[in-house]
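All remarks here apply to the structure that follows.
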Amino acid sequence: MKLNKQDILKALETITVPGEGQNMVESGAITNVVTFADEVIVDITIKNPALQARKKTEVEILQAIHKNVYEKAKIKINVTVDAPEKSAPNVIKGKHIPGIKNIVAVASGKGGVGKSTVTANLAVTLAQMGFKVGVLDADIYGPSMPIMFDVASERPLSTTVDGKSKMKPVENYGVKILSIGFFTKPDQAVVWRGPMAAKALNQMIFDAAWGELDFLLLDLPPGTGDIHLSIMQSLPITGAVIVSTPQTVALADAKKGVAMFQQDSINVPVLGIIENMAYFTPAELPDNKYYIFGKEGAKHLAEDLQVPLLGELPLVQSIREAGDVGRPAAMQTGTPLEKAFEKITQNVVQQVVDRNDNLPATEAIKITTMAGCSAVNKK
Ligand SMILES: Nc1ncnc2c1ncn2[C@@H]1O[C@H](COP(=O)(O)OP(=O)(O)OP(=O)(O)O)[C@@H](O)[C@H]1O
Ligand SMILES: [Mg+2]
């Protein structure tokens with residue numbers, strides 16, 4: 001059975017909103033409907049915050065779709081309560097997250113340059129140094145963390161914090177992890193629109209029991225798009241680490257990444273650049289270095305942009321293999337890779353310390369997105 005949005009909306013038109021004399025679709029309460037195969041996700045905003053009102057709405061939606069469209073449809077309903085005075089569609093306000101000291105975003109312009117690999121290795125190295133670390137896999141379209149931490153078959157449990165039920169991050173190697181990958185099947189392409197992706201991320205941030213963290217690392221998707229803006233509007237980011245290979249096309253995109261964080265309206269400090277795949281060293285010739293993507297490109301970019309070079313990582317088979325088996329390479333004790341990640345991680349920590357000594361805390365920014373255009377305002 002393949003559901004479609006039109007049929008779902010038609011079914012939802014049979015439900016009237018109490019006190020408004022309009023149906024749910026006319027009133028604008030339905031903010032999004034996404035269908036794939038026999039599943040449907042309905043986003044709805046209601047004005048009545050009472051739990052009962054919420055439950056009633058959910059039951060009405062379930063019944064309307066099962067009765068009018070397909071009795072076996074799998075339905076997920078995301079209810080947002082929006083009291084009238086606060087209503088401002090598509091605006092999510094930045095919130096402070098108690099207990100999380102530093103949020104470090106790992107970004108690049110270009111895809112596939114090693115953001116996720118760097119995030120996983122930074123995380124385990126920080127944990128080994130004794131820091132409390134969390135990783136939020138914000139790559140809603142291609143989550144990597146469940147595999148890189150060998151927790152792909154796990155699911156976050158729920159826990160109660162101050163009477164509220166929250167998601168408990170999955171934990172491995174001393175690192176707490178949340179990823180959209182925990183909620184989708186590995187072969188399921190996630191075709192979400194920006195607002196839904198933002199909502200899922202918000203849940204993983206604010207409806208999760210992260211506890212006390214020294215560092216929450218964000219593994220961002222490639223590029224400089226909607227998700228990045230959503231994240232910056234939701235989270236006060238301490239600083240960004242940019243990953244690039246020395247290749248010209250990667251550097252050009254890295255430059256865009258740096259510019260995005262540094263623009264006036266966003267103003268997230270760039271902690272530095274990590275040059276990944278700086279050179280290739282074959283296992284059998286450990287002293288040979290082959291600069292297959294060019295030499296010192298990221299180093300020159302860092303000089304150019306006057307941001308620190310946090311270090312360089314070689315292109316070696318064991319980094320890829322370690323990622324694939326879910327045991328980050330930095331955990332191979334006594335190896336040059338462990339040392340390399342240690343040095344980079346120390347540099348990141350140093351930059352965070354310097355940044356916190358010298359700059360005021362980053363505020364989450366407020367971004368208003370309207371169809372086709374976006375205005376960015378400092379909160
Ligand atoms: N230094 C390295 N040596 C060998 N392989 C590496 C290295 N860095 C990354 N890789 C491999 O390159 C591939 C891409 O890396 P990764 O997934 O970390 O990149 P990414 O920037 O997160 O990609 P995406 O943009 O898709 O999120 C992976 O297979 C990873 O194992
Ligand atoms: Mg990635």
Checklist entry - side-chain contact (heavy atoms from CB on, under 4.5 Å) between Met260 and Met232: does it pass, once the steps are laid out? => result CA-CA 11 Å; Met260 170 181 75; Met232 285 184 282; 4.0 Å; yes
Next on the checklist: Regarding Lys256 and Asp253, does a basic nitrogen lie under 4.0 Å from an acidic carboxylate oxygen?
Outcome noted: yes
Item to check | Sub-4.5 Å side-chain heavy-atom contact between Phe341 and Pro328 | outcome: no
Checklist entry - Using a distance-only test with no angle check, is there a side-chain donor-acceptor pair under 3.5 angstrom linking Asn267 and Gln263? => result no
Checklist entry - Are any of the side-chain heavy atoms of Trp210 and Leu216 separated by less than 4.5 Å? => result yes
Next on the checklist: Distance alone, cut at 3.5 Å: any donor-acceptor contact between the side chains of Thr31 and Asp43?
Outcome noted: no
Checklist entry - Run the side-chain contact (heavy atoms from CB on, under 4.5 Å) check on Arg155 and Val170 step by step: do they pass? => result CA-CA 7 Å; Arg155 295 288 171 271; Val170 166; 6.0 Å; no
Item to check | For the student: nearest non-hydrogen atoms of Ser108 and Val243, plus distance | outcome: CB-O, 3.2 Å
Next on the checklist: Looking only at the side chains, is there a donor atom on one of Asn4 and Lys2 sitting less than 3.5 Å from an acceptor on the other?
Outcome noted: no
Checklist entry - Taking it one step at a time, do Met167 and Phe206 satisfy side-chain contact (heavy atoms from CB on, under 4.5 Å)? => result CA-CA 9 Å; Met167 240 185 290; Phe206 297 106; over 6 Å; no
Checklist entry - Do Asp137 and Pro146 come within less than 4.5 Å of each other through their side chains, counting heavy atoms only? => result yes
Checklist entry - Any chance CD1 of Ile147 has more than 12 other-residue heavy atoms, nucleotides or ligands included, within less than 6.0 Å? => result no
Checklist entry - Under 4.5 Å between any side-chain heavy atoms of Leu313 and Glu275, yes or no? => result no
Checklist entry - Hey, are the side chains of Glu171 and Ile177 touching, using non-hydrogen atoms and a 4.5 Å cut-off? => result no
Item to check | Carboxylate-amine/guanidinium proximity below 4.0 Å for Lys115 and Asp219 | outcome: no
Checklist entry - Salt bridge check: are Asp214 and Lys101 linked by an N-O gap of less than 4.0 Å? => result yes
Next on the checklist: Using a strict threshold of under 4.0 Å (side-chain N to carboxylate O), is an ion pair present between Lys56 and Glu60?
Outcome noted: yes
Next on the checklist: Can you classify the ring geometry of Phe215 versus Phe131 as parallel (below 30°), tilted (30 to 60°) or perpendicular (above 60°)?
Outcome noted: perpendicular
Checklist entry - Are Asn202 and Asp207 linked by a side-chain donor-acceptor pair shorter than 3.5 Å? => result no
Checklist entry - Can a salt bridge be assigned to the pair Lys55 and Glu58 using a cut-off of 4.0 Å between side-chain N and carboxylate O? => result yes
Next on the checklist: A side-chain contact here means heavy atoms from C-beta on lying under 4.5 Å apart; do Leu220 and His228 qualify?
Outcome noted: yes
Item to check | Pair Asn23, Thr16: side-chain N/O donor-acceptor within cut-off below 3.5 Å | outcome: no
Checklist entry - Would you say Lys166 has more than 12 foreign heavy atoms packed within less than 6.0 Å of its NZ? => result yes
Next on the checklist: Could you tell me if the side chain of Val79 sits less than 4.5 Å from the side chain of Ile46, heavy atoms only?
Outcome noted: yes
